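Predicted model only: the values in this text are computed from it and were never measured. Naming: A, B, ... by sequence-line order, numbering from 1 per chain.
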Amino acid sequence: MRWQPQVVDVIMGKVALDAPLTLAGWVRSRRDSKGGFSFVLLHDGSCFDGLQVVLDASLANYETEILKLSAGCSIRVSGVLLASQGKGQAYELKADTLEVLGWVEDPESYPIAKKRHTLEYLRSVAHLRPRTNTFGAMARMRNSLSQAIHRYFDAHGFFWVNTPIITASDCEGAGEMFRVSTLDFLKLPRNAAGQVDFSQDFFGKEAFLTVSGQLNGEAFCTALSRIYTFGPTFRAENSNTSRHLAEFWMVEPEMAFADLATIADVAEAFLQSVVSDLLNARDADIAFFTEHYDKQLRGRLENVIHQPFARMSYTEAVSILQKSGKEFQFPVQWGLDLQSEHERFLAEEYAKRPVIVMDYPEAIKAFYMRRNDDGKTCAAMDILAPGIGEIIGGSQREERLALLDEKMAPLGLAENLGWYRDLRRYGTIPHAGFGLGFERLLTYATGMENIRDAIPFPRVPGSAEF
RNA sequence: UCCUGGAUAGCUCAGUCGGUAGAGCAAGCGGCUGUUAACCGCUUGGUCGCAGGUUCGAGUCCUGCUCCAGGAGCCA
C-alpha cells in the first residue's frame with residue numbers, strides 16, 4: 001500500500017519541496033498575522049517536531065473556522081511543502097484547504113492548554129498527556145527502547161518467551177501478589193474448617209498475578225539455551241515512591257551454560273547496546289529531555305556506552321562504604337543488605353557511573369541463587385545506576401538439586417514448585433539470568449524523576465484511573 | 001505502611017494579626033506583527049479538598065477524613 005506522509009517524513013527530508021502534501025494531526029497553537037494569514041503548528045506525534053502550516057486569509061473557511069482553531073483541534077491540511085520564509089523551521093506547509101476533523105468543545109477548559117503544566121497535574125489527565133511534548137517524547141522513547149531490547153536479544157540468539165501472567169505459585173519470592181479469583185466475595189465458599197474453599201475457584205486453587213516470569217523462563221532456558229521474557233509484572237506492595245509501580249514491565253533474560261561473570265558481562269553489553277540504539281534513534285527527543293529535565297542526560301548516556309561499568313564484590317562495597325567517612329542513616333555491616341543511601345553513594349559519588357555489585361551474602365538473597373564455594377555468599381549481582389538505584393538484579397541459579405532443596409524446604413516451596421525441581425532432576429545445567437525494570441531504565445534514559453511518568457497509565461496504590 | 005510538606009480561578013501560585021478573594025499564564029474580544037514561550041490593552045472566570053468545631057466573624061485557628069508530592073521501608 002501507499003502510506004500518507006507524516007510530519008516525520010517531512011522533517012527527514014523525504015517529501016519533495018514544492019510538491020503537493022496532505023497531513024493530518026492536532027493543532028498545538030495558532031498565531032494570526034494581520035498581514036492576511038495565520039500560522040498553525042501541526043503535530044501528528046510521529047516525531048518530536050511539528051510542522052508549521054501557513055493559512056492564507058483567502059481560504060474559504062478562514063473567518064469561519066481557521067480563526068477559531070485552538071490547541072487540541074484535529075485537522076487535515078492539503079497544500080504544498082515549501083522552504084520556510086521564517087526562522088525556526090526549515091519547512092512549512094502552504095495550505096490550499098484545511099478541514100476541521102474535530103473541534104475542542106471549550107478551549108478555556110481544555111486540560112492541555114498552550115502553557116507549561118506540572119507533571120503532577122498531567123498525571124491527573126493521563127489520557128491527554130501524550131499530546132504534550134514531554135509525554136509524546138516519552139512514548140517514542142519507550143517504543144524505541146523496547147525495539148532495541150528485542151533487537152539485542154534477537155541478534156544474540158535469545159528467544160522471546162511469553163510467560164504466564166496468571167500463576168498459582170504463591171511464593172515466587174518477590175513480594176505481595178494480587179489475587180485472581182472469580183469467587184463471589186460476598187458469598188465466599190467455606191470448607192469445614194471455616195477457611196475459604198479455593199477448590200471452588202476458577203483454577204481450582206488460589207491464583208495470582210505474576211511477580212516474575214523467571215521461574216517459567218528457566219524452563220525454556222533449559223531447552224532453548226537462551227531466552228528472555230518481556231512483559232507486564234505485578235506487585236501488590238504498598239509502595240508509595242517515585243520508583244515503584246503496581247504494574248510494570250520487566251525484561252528477564254535467562255542464559256544456559258553461563259555463570260555469574262558471564263551474565264554480568266551480558267547485562268553490561270546489553271545496557272550499552274540499547275542505550276546506543278536509543279541515542280541513534282531518538283536524537284530530538286533526547287535533546288528535549290536534556291534541555292528541559294536533566295542537563296546531564298545526554299552526557300550520562302554517552303558515558304554508559306563509552307565507559308565500562310564499575311565492578312566490585314559486596315564485601316568490597318561494604319569496605320568502601322565503611323571507609324567513605326560518610327555518615328549513613330543505616331548501619332553498614334557485612335551481612336546486612338545495602339540501603340538506598342548506600343547504593344546511591346556507590347553509584348553517584350564513588351563510581352559516578354553504573355556499578356555492578358556481586359556475591360552478596362546468601363542469607364539476604366532469594367532461594368534460587370547459587371551458593372558460592374565460600375559457603376557464605378551467593379552468585380548474585382545488582383547493577384546500581386546513578387539517580388535510580390537498583391536497575392538490574394540477577395544471579396547464577398542453583399542448579400544442584402540437593403542445595404536447591406535445602407533452601408526451598410524452609411520456605412515450603414517443594415509442593416508448588418515440584419516442576420521447578422524437575423529442571424534440576426532432568427539434565428540440570430549451570431545457568432544465569434537477570435531482571436531489568438523496564439520503566440526504571442526508561443526513567444534513567446529520559447532523566448525523568450518519577451516512574452509514573454514513564455508508563456502510559458500508571459497503576460499505584462490507591463489509583464488505577466484511566 | 002511511616003515521616004515531612006501540600007490542597008485557593010482552566011493551570012501555577014500569593015493571601016500579613018481571624019474582618020467577606022488577588023497575580024501570572026491560559027481562554028474571550030480588540031490592536032500590532034512572516035509569526036513561532038509573541039507582544040500591548042480590555043474582559044470573563046472562585047462551594048478557598050470534604051465534614052465538623054471555636055468565634056460576632058474562618059481561606060486563615062482546632063479535630064477528623066480524602067487526595068497529592070517528596071523522602072523512607074519493600075523491591076525492579
State which of B:G71, B:G34, B:G28 makes the closest approach to the side chain of A:S242. B:G71
Taking only N/O atoms, report every protein-nucleotides 66-69 of chain B pair under 3.5 Å with atom names and distance.
unit_1 : atom_1 : unit_2 : atom_2 : d
B:A69  : OP1    : A:R123 : NH1    : 3.2
B:A69  : OP1    : A:R452 : NH1    : 3.1
B:A69  : OP2    : A:R452 : NH1    : 2.9

Among pairs that include at least one residue of residues 132-141 of chain A, which meet salt bridge (charged side-chain N to carboxylate O under 4.0 Å, His left out), considering only residues two or more places apart or in two chains? A:R140-A:D285
Length of the line joining A:D337:CG and B:C75:C1', which is rounded to integer Å: 10 Å
Rounded distance in Å - CG (A:L69) to P (B:A26): 18 Å
Look at the aromatic rings of A:F367 and A:Y420 and report parallel, tilted or perpendicular, splitting at 30° and 60°. perpendicular
So which pairs with a foot in residues 337-358 of chain A pass salt bridge (charged side-chain N to carboxylate O under 4.0 Å, His left out), sequence neighbours left out? A:K326-A:E349, A:R344-A:E348
What pairs with A:R243 under salt bridge (charged side-chain N to carboxylate O under 4.0 Å, His left out), at least two apart in sequence or on another chain? none
Does a distance-only test, which skips hydrogens and angles, find a donor-acceptor pair under 3.5 Å between the side chain of A:Q85 and the base of B:U35? no
Using the criterion of both pairing distances under 3.5 Å for Watson-Crick and G-U wobble pairs, give all stems of 3 or more consecutive pairs involving RNA chain B. B:1-7 with B:66-72, B:10-13 with B:22-25, B:27-31 with B:39-43, B:49-53 with B:61-65
Protein-nucleotides 2-11 of chain B N/O pairs closer than 3.5 Å?
unit_1 : atom_1 : unit_2 : atom_2 : d
B:C11  : O2'    : A:K115 : NZ     : 3.2
B:C11  : O2'    : A:H117 : ND1    : 3.4
B:C11  : O2     : A:K115 : NZ     : 3.0

Find the distance between CZ (A:F153) and CZ (A:F158) and round it off to the nearest 0.5 Å. 6.0 Å
In whole Å, I'd like the distance from the CZ atom of A:F234 to the P atom of B:C74. 24 Å
Please enumerate all residues that pass salt bridge (charged side-chain N to carboxylate O under 4.0 Å, His left out) together with A:D359, with sequence neighbours excluded. none
Between B:G73, B:A27, B:G34, spot the one nearest the side chain of A:S340, thanks. B:G73
Tell me every residue that passes salt bridge (charged side-chain N to carboxylate O under 4.0 Å, His left out) with A:D283, counting only those two or more places apart in sequence or in another chain. A:R298
Of all the nucleotides listed (B:C75, B:A27, B:C74), which has the minimum atom distance to the side chain of A:R235? B:C75
When all nucleic acid strands are considered with a 4.0 Å heavy-atom cut-off, which category describes A:S84: base, sugar-phosphate, or nothing? base
Between B:U35 (P) and A:R31 (CZ): distance, integer Å: 10 Å
Does a sphere of radius 6.0 Å around CZ in A:F220 hold more than 12 heavy atoms from other residues, nucleotides or ligands, not counting ones at 6.0 Å or beyond? no
On the side chain of A:S239, is there an atom forming a donor-acceptor pair with the base of B:C75 - under 3.5 Å, no angle test? no
How would you list all residue pairs meeting ring-ring contact (aromatic ring centres under 6.0 Å, His included) that involve residues 95-118 of chain A, not counting sequence neighbours? A:H117-A:Y121
Nucleotide B:G73, atom P - distance to CD of A:E390 in whole Å: 12 Å
Using a heavy-atom cut-off of 4.0 Å across all strands, would you classify A:L441 as base, sugar-phosphate, or nothing? nothing
Please list all pairs passing the salt bridge (charged side-chain N to carboxylate O under 4.0 Å, His left out) test where one or both residues lie in residues 53-74 of chain A, with sequence neighbours left out. none
Looking only at side-chain atoms of A:V54, point me to the closest of B:U1, B:C75, B:G34. B:G34
Nearest whole Å is fine: how far is B:C75 P from A:N238 CG? 15 Å
Side chain of A:Q339 (C-beta onward), nearest among B:G34, B:C75, B:G73: B:G73
Kindly write out the residues that satisfy side chain to side chain donor-acceptor pair (under 3.5 Å) with A:H150, not counting sequence neighbours, or none if the list is empty. A:Y228
How is A:Q214 classified with respect to the nucleic acid when contacts are heavy atoms under 4.0 Å: base, sugar-phosphate, or nothing? nothing
Could I get the full list of salt bridge (charged side-chain N to carboxylate O under 4.0 Å, His left out) partners for A:E316, not counting sequence neighbours? none
